[in-house]
Amino acid sequence: MTFQRVLILSTSVIALACALNAQTPKKALLALSKRDHTLAIIDPADLKVVATVPVGDDPHEVTASADGRTAYVSNYGFGSLHTLAVIDLTAHKPLEPIDLGPLRGPHGLVFTQGKVWFTAEAAKAIGSYDPAASKVDWIMGTGQNRTHMLYVFPDAERIVTTNVSSATVTILDKTEGPAGMPPGPPPGMAPPSGGPDAGGPPSGPPLGPRGGDWTETLIPVGRGSEGFDVSPNGKEAWVANASDGTISVIDLTAKNVSETLSSNTTGANRLKFTPDGKLVLVTAGSALVVLDSATRKEVKRLTAVHGSGGIQMQPDGARAYVACGHDGYVAVIDLKALAMIGRVDVGEPDGLAWAVQP
């Protein structure tokens, strides 16, 4: 064996060992590849891919656990699939997938309150999976077509979804007390005023507060309502209407559309607020559109950024990451300069997430 061949072999072995020993950074960007059926773990410090892990067929969205050690991926299949892939972000390996059974077409994902919340598009439903109990512990039907993207408030007391083909947004608000009963005493029964001798109802276990279900509000928006986000202060939801080229601004207190913006974003399928709430980024296929949330006006249009998938904000607000699926990379956007400053090659990227370990 020649010296050159020995050198090449040694270099390859060293490179393989380094790849195997690569560690997930404490703060990592996660990017799905629909083409390769993999999850890329990216170090945002140098924009290098630390590892890639298989995730199953047709991965669309990804979220990370609160401790940043586990990722969950929705295997969508336009309603034909029914699993969530589970990835160990420390060991860089897939774990046993979660079979959702009849809850087909999982798509939007959020991790909060120790649970994985998901939409099930073909089942017209939302659900939550409890990793500690290894089971789906809650399901709520929406009755809408293509319940797609999802936002769960940090306390899990309010949930917002977009329903693409129904051109609606669903707001679910948790109520108090036992499920399935309206607040207050049962119809026709006065509140107790004392024991049996006082003319009140018979003594026994107290009725307690009633309610405890979810109230549903359905809000009509534009056609193709898909990508959306809730403002950091929780007061508004902005919904990109892909078929109309508009954005519906929803007042989450009044629960109605307060304004419809003609934002020139036909084909938009993702929308995201910056962490400070001042700017809104919208992928429009042919460009990345940046709007001022206060003035509702366009600030900049980056025509070189052909966003077709997820938008993920760096928690410190310095950068945004935009999945450009048709171009095969994730674009890195400087949020101060509003310019593309780098790229990470990921085959047909779509869903993005941020994983932070303590």
Side-chain angles (χ1 to χ4, degrees), residues 18-19 22-55 59-74 84-94 108-112 116 149 227 229 232 269-276 279 281 283 288 302 305-358:
C18 290
Q23 294 183 343
T24 298
K26 293 294 186 181
K27 298 178 181 178
L29 176 68
L30 308 179
L32 290 173
S33 170
K34 288 199 292 188
R35 184 188 69 197
D36 301 329
H37 302 169
T38 56
L39 175 72
I41 303 171
I42 301 164
D43 188 340
D46 58 12
L47 299 179
K48 301 295 185 183
V49 176
V50 173
T52 57
V53 185
V55 293
H60 272 239
E61 297 297 319
V62 57
T63 191
S65 59
D67 63 7
R69 299 182 185 278
T70 308
Y72 300 88
V73 174
S74 54
L84 300 180
V86 186
I87 299 91
D88 184 327
L89 295 175
T90 302
H92 303 162
K93 67 178 184 180
L109 292 175
V110 174
F111 191 97
T112 192
V116 186
M149 299 302 292
D229 196 15
N269 68 345
R270 292 296 179 271
L271 180 152
K272 198 79 172 175
F273 279 89
T274 53
D276 61 10
L279 299 176
L281 276 60
T283 56
L288 177 68
L302 283 68
V305 182
H306 307 143
S308 60
I311 304 174
Q312 185 61 45
M313 295 294 168
Q314 195 162 289
D316 63 6
R319 293 175 175 178
Y321 301 88
V322 180
C324 300
H326 300 303
D327 294 336
Y329 61 78
V330 176
V332 184
I333 310 298
D334 184 313
L335 288 174
K336 185 175 181 180
L338 295 181
M340 179 175 165
I341 59 170
R343 54 184 272 182
V344 184
D345 292 330
V346 176
E348 197 179 349
D350 191 1
L352 305 175
W354 198 258
V356 180
Q357 297 183 24

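Below, all heavy atoms of this structure are taken into account, side chains as well, without hydrogens, waters or symmetry copies. For this chain, numbers begin at 1 and follow the sequence in order.
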*Please report the shortest heavy-atom distance between Val50 and Ala22, naming the atom on each side.*
CG1-CB, 3.7 Å

*asked:* Main chain of Ser308, side chain of Asn269: is a donor-acceptor contact present, judged purely on distance under 3.5 Å?
replied: yes

_Any non-hydrogen side-chain atom of Leu279 less than 4.5 Å from a side-chain atom of Phe273?_
no

*Does Val62 reach the side chain of Ile87, with side-chain heavy atoms less than 4.5 Å apart?*
no

*By ring pair (Phe, Tyr, Trp, His ring centres under 6.0 Å) - contacts of Tyr329 (at least two apart)*: none

*Atom of Pro44, atom of Ala28 and distance for their closest heavy-atom approach*: CD-CA, 4.1 Å

*How would you list, by chain and number, every residue that makes a side-chain contact (heavy atoms from CB on, under 4.5 Å) with Ala91, sequence neighbours excluded?*
Asp88, Lys93

*Taking C-beta and beyond as the side chain, do Gln357 and Thr90 meet within less than 4.5 Å on heavy atoms?*
yes

*Do Pro59 and His37 come within less than 4.5 Å of each other through their side chains, counting heavy atoms only?*
yes

*If every non-hydrogen atom of Pro358 is compared with every non-hydrogen atom of Lys26, which pair is closest and at what distance?*
O-NZ, 3.6 Å

*Taking Ile333 as the fixed residue, which of Ile311, Val322, Ile341 is the one that meets the side-chain contact (heavy atoms from CB on, under 4.5 Å) rule?*
Val322

*Look only at the side chain of Arg270 and the backbone of Gly307, and say whether a donor-acceptor pair between them is shorter than 3.5 Å.*
no

*Keeping to residues at least two apart or across chains, list the salt bridge (Lys or Arg N to Asp or Glu O under 4.0 Å) pairs with something in residues 39-55.*
none

*Is there side-chain contact between Val305 and Cys324, with at least one heavy-atom pair below 4.5 Å?*
yes

*Does Asp67 reach the main-chain N or O of Arg69 with its side chain, forming a donor-acceptor pair under 3.5 Å?*
yes

*Measure from the side-chain N and O atoms of Thr70 to the backbone N and O of Ser65, and report whether any donor-acceptor pair falls under 3.5 Å.*
no

*Can you name the nearest heavy-atom pair linking Leu281 to Ala320, along with the distance?*
CD2-CB, 3.8 Å

*Can you tell me how far the CG atom of Asp334 sits from the CE atom of Met340, to the nearest 0.5 Å?*
12.5 Å

*Do you know the tightest heavy-atom contact between Leu352 and Ala31?*
CD2-CB, 3.5 Å

*Qualifying residue, where the test is side-chain contact (heavy atoms from CB on, under 4.5 Å) with Ser33 and the options are Val55, Thr38, Asp350*: Thr38

*Can you check whether Gln314 reaches Lys27 side chain to side chain, under 4.5 Å on heavy atoms?*
no

_Interatomic distance, Asp316 atom CG to Asp276 atom CG [nearest 0.5 angstrom]_ = 11.5 Å

*Find the distance between CG (Leu30) and CD (Glu61) and round it off to the nearest 0.5 Å.*
12.0 Å

*Out of Leu84, Val86, Val110, which one pairs with Val116 under the side-chain contact (heavy atoms from CB on, under 4.5 Å) rule?*
Leu84

*Considering all heavy atoms of both residues, which atom of Leu29 and which atom of Ala353 are nearest to each other, and what is their separation?*
CD1-O, 3.5 Å

*Rounded to the nearest 0.5 Å, what's the gap from CD1 on Ile42 to CG on Asp345? Could you check?*
10.0 Å

_Let me confirm one number: the NE2-CG distance from His60 to Leu32, rounded to the nearest 0.5 Å._
9.5 Å

*asked:* Do Thr52 and Ile41 make a side-chain contact, defined as non-hydrogen atoms from C-beta onward lying under 4.5 Å apart?
replied: no

*Full working for side chain to side chain contact (heavy atoms under 4.5 Å, CB included) between Leu39 and Leu89*: CA-CA 10 Å; Leu39 175 72; Leu89 295 175; 4.1 Å; yes

*Calculate, to the nearest 0.5 Å, the distance between atoms CZ and CD belonging to Arg319 and Gln312 respectively.*
13.5 Å

